[in-house]
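Predicted model, so just to flag it, every value in this text is computed and none were measured.
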Amino acid sequence: MTGTLLKIVGLTKAYPGVVANDDVSFNIQEGEVHALLGENGAGKSTLVKMIYGLVKPDSGDMAFKGTAYEPSEPQEARARGVAMVFQHFSLFDALNVAENVALGMAEPPKTRELAERIRTVSEQYGLPLDPWRLVGDLSAGERQRVEIIRCLLQDPKLLIMDEPTSVLTPQEVEILFATLRKLKSEGTSILYISHKLEEIRALCDEATILRLGKKVGTCTPREVTAAQMAEMMVGNELHRPEREPTTPGDVRLALKDLSVASPSQFGTSLKNITLEVRAGEVLGLAGVAGNGQDELLAALSGEITNAPGMVVLDGTEIGAKGPGPRRRMGLLTGPEERLGHAAAPNMTLTENALLTGAEREGLMSNGFLKWGKAKSFAEAIIDRFDVRTPGTETVARALSGGNLQKFVIGREVMQRPEVLVVNQPTWGVDAAAAATIRQAILDLAAGGTAVIVISQDLDELMEVSDNFAALNEGRLSEIKPAKGLTMEEIGLMMGGAHGMEVAHV
Amino acid sequence: MIFLEKRPQPSKTLSYITPVLAVLITMVAGGLLFAILGKDPVAAIRIIFWDPLFGEFAFYYRPQLLVKGGPLILIALGLSLGFKAGIWNIGAEGQYIMGAIAGAGVALALYPLEAWWIFPLMILAGALGGWAWAMIPALLKVKFGTNEILVSLMLVYVAENFLSAMAIGAMKNPEGFGFPGSRNLQQYPSAHNTEIIAGSGMHWGVAAAFIAAILAYVLLNRHLLGFQIRLTGEAPRAARFSGVKPARLVLFCMGTAGALAGLAGMFEVAGPAGQITTGFNVGYGFTAIIVAFLGRLHPIGIVLAGLLMALTYIGGEAAQSALQLPAAAIQVFQGMLLFFLLAVDVLTNFRIRITLGETA
């Protein structure tokens, strides 16, 4: 079981404006579970897409079992023995399991035969699955089994799994891990992509860590702590906060024991979150994606309502109020998802300005809209935040991500919020636009607004925050002053302290 | 290879052109259908589209255009609000029936009293009847998350049976020699929905349809509620974020659609139909769905589409008698109109790319 299965040398792939992978090299041994670790946007997905033949590298070489390997399409990759289970499934609800598996095959056998093979493989690897069931009736975990079995039927040498546990319950995770261990014992190599550190420690033999497209290190997960891996993942070169903590003003927003059941099946419920933000303060909330950020924003925007006393704005209990009243009182929010959440894709910028600005900006009277004023408001946002667009009558989806982000953040900033909460304010935005947005946030705070910035970008948080905390599994860590925090401490706050619930294997 | 490529912005021009295009394609395909049935396609299309407007008997057909178009427009306007927000009220036919029964019920209860307030009271009752019937699927959806499409549709059949029960039971004309059907409201002056201008076809229901079109236009373009309706249809999550209360929107849209359908039914029973009979409803509630989409869910578009649809009804009847076309052929013809409209609609959001040779 020794010998290199896949050898990757100097893979580089650049997209306009961003180098997704920069000279990445590593090897996967036969029968090894190899982790690919990194934050969102670190380049994990691009890398595996190159291995699976979905993306062509700009430069670099790969060798599979000692011979050159340059897959131009997934079919070629599959023919060589590389299979991949995607994060998002491509299954048809209205077809049964066997039919779905058949769809992915070049020359499917008769359904009855195939069903028999599915049953055999599923029993062999401890993934119970009835080939005759409709996919529409299956749970997410079972759907993933369909995808895995689809791969196993090809008898792969290398199985790539992209964030497989993000849709699984803890029990399903255990079953999956047992399967992966069995595969490994039979000599199949697995490339396991994740940012869940405890899982990687439980499962993987080797880990390659990516950061901003570059390989920044390798480690043997069993021999290091989760905090050490987190540190490698987010990098050591953190900008130390340049801001002196301002003299704290009055408490503007307080969360008291906020618990929220996630509305979505695979969301993260918030558990007993207590925090205070004072006038002029920026509170930075870190955390790996999917640890309750969306739910926290929804609980603050009023999209999720709770017991009145759980959210207190300037001394008023507003937990049970919806988005409208909260906005009226000065609590403004900026969700992570630009298109479809912060903005309506097919509506014009004027209409999108109205989306949250109608009341505070006086864009209507007695329910009747003042389109002229709405247009002026949109123009003002475009002007101040340098939004590149042909005009206010352009639909939101025609704007680039960065420009739309400037628009939706600008829309909230220009409404002079008392409290502003933003989630991933500079996600996918170029450096100049990100700087504009961060500056606007700092200016607001200087003017006495209390700000909460939820972000996965630690550099950003260190740049803007006075105080710092992290979300982990829906719980909030202790809040500490951002100044003087060490990487070790941040790592512990993000994942080390509570211990992960997901991967007790 | 032919590709569909998403346009960066939906084409405004094409959204105006596609309904016309759909009508033209329907004429061609309909002509083919009629030809297969052994009829002269050109004559059939002429009888359906041209003769009612400009033919020898146009003086008779033209007022019919308003009589038939009025209820279609009124119902379609109500439906369009919900459709814009992604709320699918398919049961306007039932709401139409219940509005008629409520309106006629008021009149029949008060007969033979003559008073000026009877007709306004009937209008109110008609609207309430339709509204209440629409509230059933609306409340079930809001409270229990039921599917409004199924519930509203099935309530149509309940309403139809209720109508029959009324026509041969409680509302049967005591002086009707045992025939099913209520008293004829046309012969009850206080309850009769008369023509505003004699011989024009312009009865109060038609006036109500035009007023509703103006109000709907103002609502959708000038009022926050209209904005919220559009926003909910475009991006439900953004609507929630904006502060739209989905439940309230469901109640408003279903309620308005029900009330307008109820009004249409009431004006019909008090005017052109005259009485509650077992065959009172002729499918306006369903055809209005086509009208709403053909009119691009836009109030002005709906007025035009309603008139066009009325034309196919009138022309269709003429073609049935002149060419012995089966009634089903006309219904297929109307269905084709919606079918082709939805098909060519793709062009507003996508453009067609034709590339020769290999695929990318």
Check the surroundings of atom CD in A:Glu76: do more than 12 heavy atoms from other residues, nucleotides or ligands lie under 6.0 Å from it?
yes

Rounding to 0.5 Å, atoms CG (A:Leu369) and CZ (B:Phe227) come to a distance of 7.5 Å

Of the backbone (N, CA, C, O) and the side chain (C-beta and beyond), which part of A:Arg327 lies under 4.5 Å from a heavy atom of chain B, both, or neither?
side chain

Most heavy-atom pairs under 4.5 Å with chain B, out of A:Ala398, A:Gly302, A:Gly367, belong to A:Gly367

Could you tell me if the side chain of A:Glu337 sits less than 4.5 Å from the side chain of B:Arg237, heavy atoms only?
yes

Closest non-hydrogen atoms of B:Arg240 and A:Pro323, given as atom of the first, atom of the second and distance, are O-CG, 3.3 Å

Heavy-atom contact with chain B under 4.5 Å, split by part of A:Asn352:
neither

Would you say that more than 12 heavy atoms from the other residues, nucleotides or ligands in this model lie under 6.0 Å from the CZ of A:Arg388, or not?
no

Using side chain to side chain contact (heavy atoms under 4.5 Å, CB included), reason through A:Glu351 and B:Arg230 one step at a time and then give a plain yes or no.
CA-CA 10 Å; A:Glu351 288 170 314; B:Arg230 290 193 290 133; 2.6 Å; yes

Contacting moiety of A:Ala298, where chain B heavy atoms sit under 4.5 Å:
neither

State whether the number of non-hydrogen atoms from other residues, nucleotides or ligands found under 6.0 Å of B:Tyr217 atom OH is greater than 12.
no

CZ of B:Phe241 to OG1 of A:Thr333, rounded to nearest 0.5 Å, is 4.0 Å

A quick test of your reading: do over 12 heavy atoms of other residues, nucleotides or ligands sit less than 6.0 Å from CH2 of B:Trp88?
yes

B:Asn221: side-chain hydrogen bond (donor to acceptor under 3.5 Å, both in side chains) partners, not counting sequence neighbours:
none

How about B:Lys84: does its NZ atom have over 12 heavy atoms from other parts shown lying under 6.0 Å from it?
yes

Restricting to non-hydrogen atoms, name the atom on A:Ala344 and the atom on B:Ala238 that form the minimum distance, rounded to 0.1 Å.
N-CB, 4.3 Å

Can you say whether B:Val244 sits under 4.5 Å from chain A via the side chain, the backbone, both, or neither, judging by heavy atoms?
neither

